[in-house]
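Here's the structure, in structure tokens; my notes come after.
What you see is a predicted model, and the numbers here were worked out from it, not measured in a lab.
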Amino acid sequence: MPNIQEEIKKRILVLDGAMGTMLQRYNFSEEDFRGERFKDFPHSLKGNNDLLSLTQPQAIKAVHALYFEAGADIVETNTFSGTTIGMADYHLEDIVYELNYESAKLAREVADEFTAKNPDKPRFVAGSIGPTNRTASMSPDVNDPGYRAVTFDDLRIAYKQQVEALIDGGCDLLLVETIFDTLNAKAALFAIEEVKEERNIDIPIMVSGTITDASGRTLSGQTVEAFLISVSHIPLLSVGFNCALGADLLKPYLQTLSQHTSFNVSAHPNAGLPNAFGEYDETPEQMQAQIRSYLEDNLVNIIGGCCGTTPEHIKLIADIAKEYKPRVSTATM
């Protein structure tokens with residue numbers, strides 16, 4: 001059985017690119033999102049990408065396959081919003097377990113096909129655990145700073161259900177990602193530890209925060225160092241950053257992180273910053289050049305792409321990742 005803890009020592013591992021960017025190419029209609037099963041559902045479902053794991057599973061598998069073909073070692077499940085909290089917007093809380101389970105199963109099937117073809121390059125499935133659309137440490141109401149739209153316990157319970165389903169569906173590791181509020185991430189990590197203890201299992205965990213602007217802080221106001229300290233109580237496979245910024249703007253924060261942690265470091269930046277239409281303009285070649293500077297400076301163990309990245313981006317990133325050795329920590333913390 002391939003072991004990611006072993007593989008990460010041998011080489012820089014490549015994570016996939018954006019699922020949403022690829023699904024946009026299909027231009028799915030409301031009917032496509034609904035499929036046969038939800039055709040009479042009383043609420044609109046268009047835009048619920050996680051639901052496509054049930055209604056358009058071939059499209060999800062095709063995207064995973066394209067990323068593996070491009071050279072990815074790890075693909076993420078199509079479950080970024082797969083909690084009861086995230087699905088409440090679509091009134092689909094009751095299918096959350098199934099959504100995560102089926103998404104993991106689809107990714108597992110594709111990963112196993114690629115590993116069978118080339119056993120020297122085992123492929124892995126990361127269960128994608130997004131931040132939800134609520135924040136536990138800040139009030140959404142400027143007139144009531146003490147108000148919270150969600151509690152730690154609400155999050156813990158929601159994440160626990162997601163984690164159980166992702167593990168049951170066959171994930172090799174769990175990725176708590178796009179963290180804008182570390183309290184939300186702590187609830188996810190707490191839920192993962194609960195499941196590990198109850199089942200007497202160990203599963204590798206990646207944690208990936210997001211720096212939201214040039215101040216170098218998360219949305220809830222933490223610096224890189226504060227974020228790192230907040231999550232370092234759990235033995236992690238990796239800690240890193242994704243989303244929000246392009247590769248060039250993300251680099252200084254990765255440098256800080258790399259200097260201060262003995263964990264492996266991951267990065268999956270956006271293809272630049274969004275333009276006026278919310279689209280991402282950075283070409284695979286531009287992004288490759290920026291990622292090369294990460295590799296030259298020995299900053300990462302896992303590298304991939306977030307919003308706006310495609311298999312073309314991942315292919316060029318995977319091509320250069322082969323030329324460099326994985327980061328070796330010289331951290332003091």
*Given side chains that start at C-beta, do those of Val195 and Ile203 come closer than 4.5 Å, heavy atoms only?*
no
*asked:* Using the rule that Ile, Leu, Val, Met, Phe, Trp and Tyr join whenever any side-chain heavy atoms are under 4.5 Å apart, tell me whether Leu155 and Leu175 fall into a single cluster.
replied: no
_To the nearest 0.5 Å, what is the distance between CG on Asn49 and CE on Met22?_
12.5 Å
*Test item: Arg25 and Thr310 side chains (from C-beta on) under 4.5 Å apart, heavy atoms*: yes
_Can you see whether Asp213 engages Ser215 through a side-chain donor-acceptor pair at a distance of less than 3.5 angstrom?_
yes
_Salt-bridge contact Arg34-Asp40 (side-chain N to carboxylate O under 4.0 Å)_ = no
*Before giving the answer on side-chain hydrogen bond (donor to acceptor under 3.5 Å, both in side chains), spell out for Thr178 and Asn242 the whole-Å C-alpha distance, their side-chain angles and the decisive distance to 0.1 Å.*
CA-CA 6 Å; Thr178 323; Asn242 72 292; 2.9 Å; yes
*Rounded to the nearest 0.5 Å, how far does CG of Leu250 lie from OG1 of Thr210?*
8.0 Å
*Closest approach of Phe124 and Leu173, non-hydrogen atoms and distance?*
CB-CD2, 4.1 Å
*Are the side chain of Asp297 and the backbone of Leu299 linked by a donor-acceptor contact shorter than 3.5 Å?*
no
*Do His233 and Lys186 pass the side-chain contact (heavy atoms from CB on, under 4.5 Å) test, and can you show the C-alpha distance, the side-chain angles, and the key distance before you say yes or no?*
CA-CA 10 Å; His233 59 293; Lys186 277 179 167 295; 3.7 Å; yes
*Distance-only, no hydrogens or angles: does the Asn301 side chain make a donor-acceptor pair with backbone N or O of Pro326 under 3.5 Å?*
no
*Side-chain contact, heavy-atom cut-off 4.5 Å: Tyr253 with Leu245?*
yes
_side-chain contact (heavy atoms from CB on, under 4.5 Å), that's the test. Do Arg123 and Val75 meet it? Break it down for me._
CA-CA 8 Å; Arg123 311 302 178 106; Val75 296; over 6 Å; no
*asked:* Could you check whether any side-chain heavy atom of Asn78 comes within less than 4.5 Å of a side-chain heavy atom of Val63, counting everything from C-beta outward?
replied: no
*If we only count heavy atoms from C-beta on, is the Lys105 to Glu102 side-chain gap below 4.5 Å?*
yes
*Going through the distances and angles, do Arg327 and Tyr294 end up as a side-chain hydrogen bond (donor to acceptor under 3.5 Å, both in side chains)?*
CA-CA 10 Å; Arg327 164 187 168 274; Tyr294 290 9; over 6 Å; no
*asked:* Would you say that Leu51 contacts Ile95 through its side chain, given a criterion of any heavy-atom pair below 4.5 Å between the two side chains?
replied: yes
*Please test Ser230 against Gln222 for side-chain hydrogen bond (donor to acceptor under 3.5 Å, both in side chains), starting from the C-alpha separation and ending with a verdict.*
CA-CA 9 Å; Ser230 303; Gln222 281 191 313; 2.8 Å; yes
*Rest of the hydrophobic cluster containing Phe180 (Ile/Leu/Val/Met/Phe/Trp/Tyr, side-chain heavy atoms under 4.5 Å)?*
Met138, Leu219
*Any sub-3.5 Å donor-acceptor pair from Asn264's side-chain atoms to Leu237's backbone N or O?*
yes
*Are Val150 and Tyr147 linked, directly or through other ILVMFWY residues, by side chains that come within less than 4.5 angstrom of each other?*
no
*Look at the aromatic rings of Phe114 and Phe68 and report parallel, tilted or perpendicular, splitting at 30° and 60°.*
tilted
*For Ala247 and Gln290, work out which heavy atoms get closest and say how close.*
CB-OE1, 3.3 Å
*Does Thr261 reach the main-chain N or O of Leu257 with its side chain, forming a donor-acceptor pair under 3.5 Å?*
no
_So which atom in Glu30 and which in Ser44 form the shortest heavy-atom distance, rounded to 0.1 Å?_
OE1-OG, 2.9 Å
*asked:* Any donor-acceptor pair under 3.5 Å linking the side-chain atoms of Ser139 with those of Asp144?
replied: no
_Connected via hydrophobic side-chain network under 4.5 Å: Leu15 and Met19_ = no
_For the backbone of Val125 and the side chain of Asp172, can you confirm whether one donor and one acceptor N or O come within less than 3.5 Å of each other?_
yes
_If the test is side-chain hydrogen bond (donor to acceptor under 3.5 Å, both in side chains), which one of Asn100, Thr132, Thr77 qualifies with Gln162?_
Asn100
*Where Phe241 and Ser208 come nearest, the two heavy atoms and their spacing*: C-OG, 3.2 Å
*Does a side-chain N-to-carboxylate-O contact under 4.0 Å join Asp154 and Arg134?*
no
*Do you know the tightest heavy-atom contact between Asp16 and Glu76?*
OD2-N, 2.9 Å
*Mind checking the OG1-CG spacing from Thr83 to Asp50? Nearest 0.5 Å is all I need.*
9.0 Å
*If every non-hydrogen atom of Arg37 is compared with every non-hydrogen atom of Leu54, which pair is closest and at what distance?*
NH1-CD1, 3.8 Å
*For Glu282 and Leu273, indicate whether the former's side chain and the latter's backbone hold a donor-acceptor pair under 3.5 Å.*
no
*Relative to each other, are the rings of Tyr97 and Tyr101 parallel, tilted or perpendicular (30° and 60° limits)?*
parallel
*asked:* With side-chain contact (heavy atoms from CB on, under 4.5 Å) as the criterion, how do Ile4 and Ile74 come out once you've worked through the C-alpha distance, each side chain's angles and the decisive distance to 0.1 Å?
replied: CA-CA 10 Å; Ile4 197 160; Ile74 309 166; 3.9 Å; yes
_Quick check against the 3.5 Å criterion: does Asp168 have a side-chain atom that pairs as donor or acceptor with the backbone of Ala165?_
no
*Worked check of side-chain contact (heavy atoms from CB on, under 4.5 Å) between Arg217 and Thr212*: CA-CA 6 Å; Arg217 292 172 182 264; Thr212 45; 5.8 Å; no
*Tell me, do Ile179 and Phe227 make a side-chain contact under 4.5 Å, heavy atoms counted?*
yes
_Non-hydrogen side-chain atoms of Met87 and Asn48 separated by less than 4.5 Å_ = yes
*At what distance, to the nearest 0.5 angstrom, does CD of Glu194 lie from CG of Leu189?*
12.0 Å
*Has Lys325 got more than 12 heavy atoms of other residues, nucleotides or ligands less than 6.0 Å from its NZ?*
no
*Glu113/Lys117 ion pair, N-O < 4.0 Å*: no
*Would you say Glu197 has more than 12 foreign heavy atoms packed within less than 6.0 Å of its CD?*
no
*Qualifying residue for side-chain contact (heavy atoms from CB on, under 4.5 Å) with Ile129, from Ile205, Ile192, Asn184*: Ile192
*Should Leu295 and Ile302 be counted in the same cluster of Ile, Leu, Val, Met, Phe, Trp and Tyr side chains packed under 4.5 Å apart?*
no
*asked:* Hydrophobic clusters here meaning ILVMFWY residues chained together by side-chain heavy-atom distances under 4.5 Å, can you tell me if Met206 and Val231 are in one?
replied: no
*Should side-chain heavy atoms under 4.5 Å link Ile, Leu, Val, Met, Phe, Trp and Tyr, which residues sit in the same cluster as Phe80?*
none
*Any chance you could measure Ile12, atom CD1, to Ile317, atom CD1, to the nearest 0.5 Å?*
11.5 Å
*Before accepting this row, confirm whether a basic side-chain N of the pair Glu312/Lys315 lies closer than 4.0 Å to the acidic partner's carboxylate O.*
no
*Measure from the side-chain N and O atoms of Thr309 to the backbone N and O of Ala18, and report whether any donor-acceptor pair falls under 3.5 Å.*
yes
_Main-chain N/O of Ala111 paired with Thr115 side-chain donor or acceptor, under 3.5 Å_ = yes
*Taking Thr79 for the side chain and Ser128 for the main chain, is one N or O donor matched with an acceptor at less than 3.5 Å?*
yes
